[in-house]
2 protein chains.
Amino acid sequence: MAVPSSSPYDNHAHDALLRTASALFLREGEVRRGVELLYFGYTRLTKSIDEGLSEHGLGRAHHRALYFISRQPDLTVSELLSYLAITKQSLGRVVNDLSKRGYIETRAGTTDRRQKLLRLTAEGAAFEAQLFDALRSKLAHAYAGAGQDSVTGFWRVLEGLIPEEERAMVAALQMDER
Amino acid sequence: MAVPSSSPYDNHAHDALLRTASALFLREGEVRRGVELLYFGYTRLTKSIDEGLSEHGLGRAHHRALYFISRQPDLTVSELLSYLAITKQSLGRVVNDLSKRGYIETRAGTTDRRQKLLRLTAEGAAFEAQLFDALRSKLAHAYAGAGQDSVTGFWRVLEGLIPEEERAMVAALQMDER
DNA sequence: GAAGATGGGACAGCCATATTGACGTATCTT
DNA sequence: AAGATACGTCAATATGGCTGTCCCATCTTC
């Protein structure tokens with residue numbers, strides 16, 4: 001299958017011979033580097049909030065919920081579900097934990113009363129802020145060391161990892177940047 | 001507490017006043033953007049191999065082990081442990097699974113016979129390559145869309161997230177690029 | 001106003017992946 | 001010979017996911 005490839009990204013398992021000569025093959029090292037840096041970078045960043053979480057007897061799942069609720073106050077359960085990409089049942093546990101601890105409060109939707117709008121209490125906001133501080137200091141340090149141009153590139157590549165259909169959802173988080 | 005908030009996200013418990021004027025504070029939006037893109041980018045990338053894994057009845061833990069063994073043939077159990085940052089017990093299960101399936105083979109260390117050197121069998125290598133194809137196509141697509149300069153920035157920022165003490169370990173993976 | 005669709009909640013049971021702590025064995029080092 | 005190290009293993013536990021099923025309240029549509 002002679003794909004006259006100016007783009008090196010069209011070769012999958014089947015066309016091994018083609019790949020040998022392709023630019024993509026030559027890039028294997030760069031791809032592995034990205035995989036590894038993403039793995040280590042991501043895990044180290046998340047690790048930085050684990051202590052704060054376990055002090056409160058919570059886990060990362062709780063933080064993710066806190067984070068998105070903080071980011072978009074009054075979001076609905078189904079919106080939160082689409083960010084987290086887990087099942088209703090799994091989210092239920094997390095939300096109940098956070099409610100019991102007084103970190104989130106809910107009220108019925110205004111236009112649609114079936115909806116449940118989630119937002120942080122003052123305590124919840126303070127806790128989220130504390131966790132965010134750890135993320136901030138780590139990421140800000142990395143940003144500062146790399147420089148603004150690198151940060152832009154960092155964003156661009158990551159955006160490219162997100163499927164088209166989901167970009168709008170991610171962008172929505174930035175939209176109501178206040 | 002009257003935080004004169006143009007942004008709802010500046011109300012962090014303690015040094016609110018101090019931070020208001022700091023460059024770090026001004027970067028909150030950029031930090032949140034990085035956190036979110038990292039989260040979505042990382043999860044979408046890993047999702048791309050889940051299907052290939054579950055076809056074989058394996059999980060992500062197995063892939064991580066396969067990946068590092070593939071990357072550094074004949075690494076020892078303790079080296080693998082330091083990459084994965086899990087306990088011996090947790091790794092044991094994963095390695096046993098992979099051995100039973102004939103994906104990895106072991107032999108005693110040459111200079112130190114207490115060590116167990118891990119490497120992939122032909123089947124293991126083929127399986128790893130298949131999984132890697134999914135990572136490659138996703139990441140290569142993101143690289144291509146972002147451009148080489150962005151890729152460099154992407155690496156730089158991620159490197160900054162890895163603690164000093166661990167950079168050598170990560171770099172070692174690139175060292176014997178074959 | 002009835003029927004159906006939708007948002008959300010809950011029960012039961014399961015699985016994957018991690019943890020801690022204790023202990024055992026072979027091998028290397030001193 | 002003594003101790004440290006590399007690796008393995010037992011048992012118990014936690015977390016955070018999953019599926020399947022059923023339910024209620026509310027909105028939409030005819």
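Proteins get letters first, then strands, A, B, ... in listed order; numbering begins at 1 in each.
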Please round to the nearest 0.5 Å and tell me the distance separating atom OG1 of T152(A) and atom CD of E30(B). 8.0 Å

Expressed as a whole number of angstroms, how long is the span from R60(B):CZ to dT15(D):C1'? 15 Å

Quiz item: cation-pi between R32(A) and F132(B), 6.0 Å / 45°: yes

Under-4.0 Å side-chain N/O to phosphate OP1/OP2 contact, T87(B) with dA18(C): no

So what does S78(A) hit on the nucleic acid, given a heavy-atom distance under 4.0 Å: a base, only sugar-phosphate, or nothing? sugar-phosphate

Of T110(A) and T76(B), the one whose nearest nucleotide on DNA chain D sits closer to the 5' end is T76(B)

Tell me: CZ of R114(B) to P of dT29(C), nearest whole Å? 7 Å

With a 4.0 Å limit, can you tell me whether S90(A) has a side-chain N or O closer than that to the phosphate oxygens OP1/OP2 of dG16(D)? no

Are there over 12 heavy-atom neighbours, none belonging to E51(B), within less than 6.0 Å of that residue's CD? no

Give the rounded distance in Å between these two atoms: NZ of K88(A) and C1' of dT21(D). 11 Å

Given dA18(C), dC7(D), dG16(D), the nucleotide with the shortest approach to the side chain of R64(A): dG16(D)

If Ile, Leu, Val, Met, Phe, Trp and Tyr residues are connected whenever their side-chain heavy atoms lie under 4.5 Å apart, and connections chain through other members, are L118(B) and L84(B) in the same group? yes

Nearest-Å distance, CG (L75(A)) to P (dG7(C))? 15 Å

Nearest 0.5 Å, what's the CG-CG distance between L81(A) and L75(A)? 10.0 Å

Mind checking the CG-CD1 spacing from L45(B) to I162(A)? Nearest 0.5 Å is all I need. 11.0 Å

Rounded distance (Å) that lies between atom P of dG7(C) and atom CD of Q115(A): 8 Å

Roughly, in whole Å, what's the span from CG in L81(A) to P in dT6(C)? 16 Å

With a 4.0 Å cutoff (strictly under), does any side-chain N or O of H62(B) reach OP1 or OP2 of dT17(C)? yes

Rounded to whole Å, how long is the line connecting atom CD of E79(B) with atom C1' of dT5(D)? 14 Å

Below the 4.0 Å mark, does dT25(C) have OP1 or OP2 next to a side-chain nitrogen or oxygen of R113(B)? no

Can you check the L117(B) CG to dA6(D) P distance for me, whole Å? 13 Å

Quick one: pull up CZ in R44(A) and CG in L161(B) and give me the separation to the nearest 0.5 Å. 11.0 Å

Does R113(B) have more than 12 heavy atoms from other residues, nucleotides or ligands lying within 6.0 Å of its CZ? no

Please state whether the base of dT9(D) and the side chain of Q89(B) form at least one donor-acceptor pair under 3.5 Å? yes

Members of residues 41-58 of chain A that approach DNA chain C, where some heavy atom sits under 4.0 Å away: none

Heavy-atom distance under 4.5 Å between the side chains of L53(A) and F127(A), does that happen here? yes

Could you identify which residues of residues 91-108 of chain B place a heavy atom less than 4.0 Å from some atom of DNA chain D, listed by residue number, or say none? N96(B)

Answer yes when R136(B) and D133(B) have at least one side-chain N-carboxylate O distance shorter than 4.0 Å, and no when they do not. yes

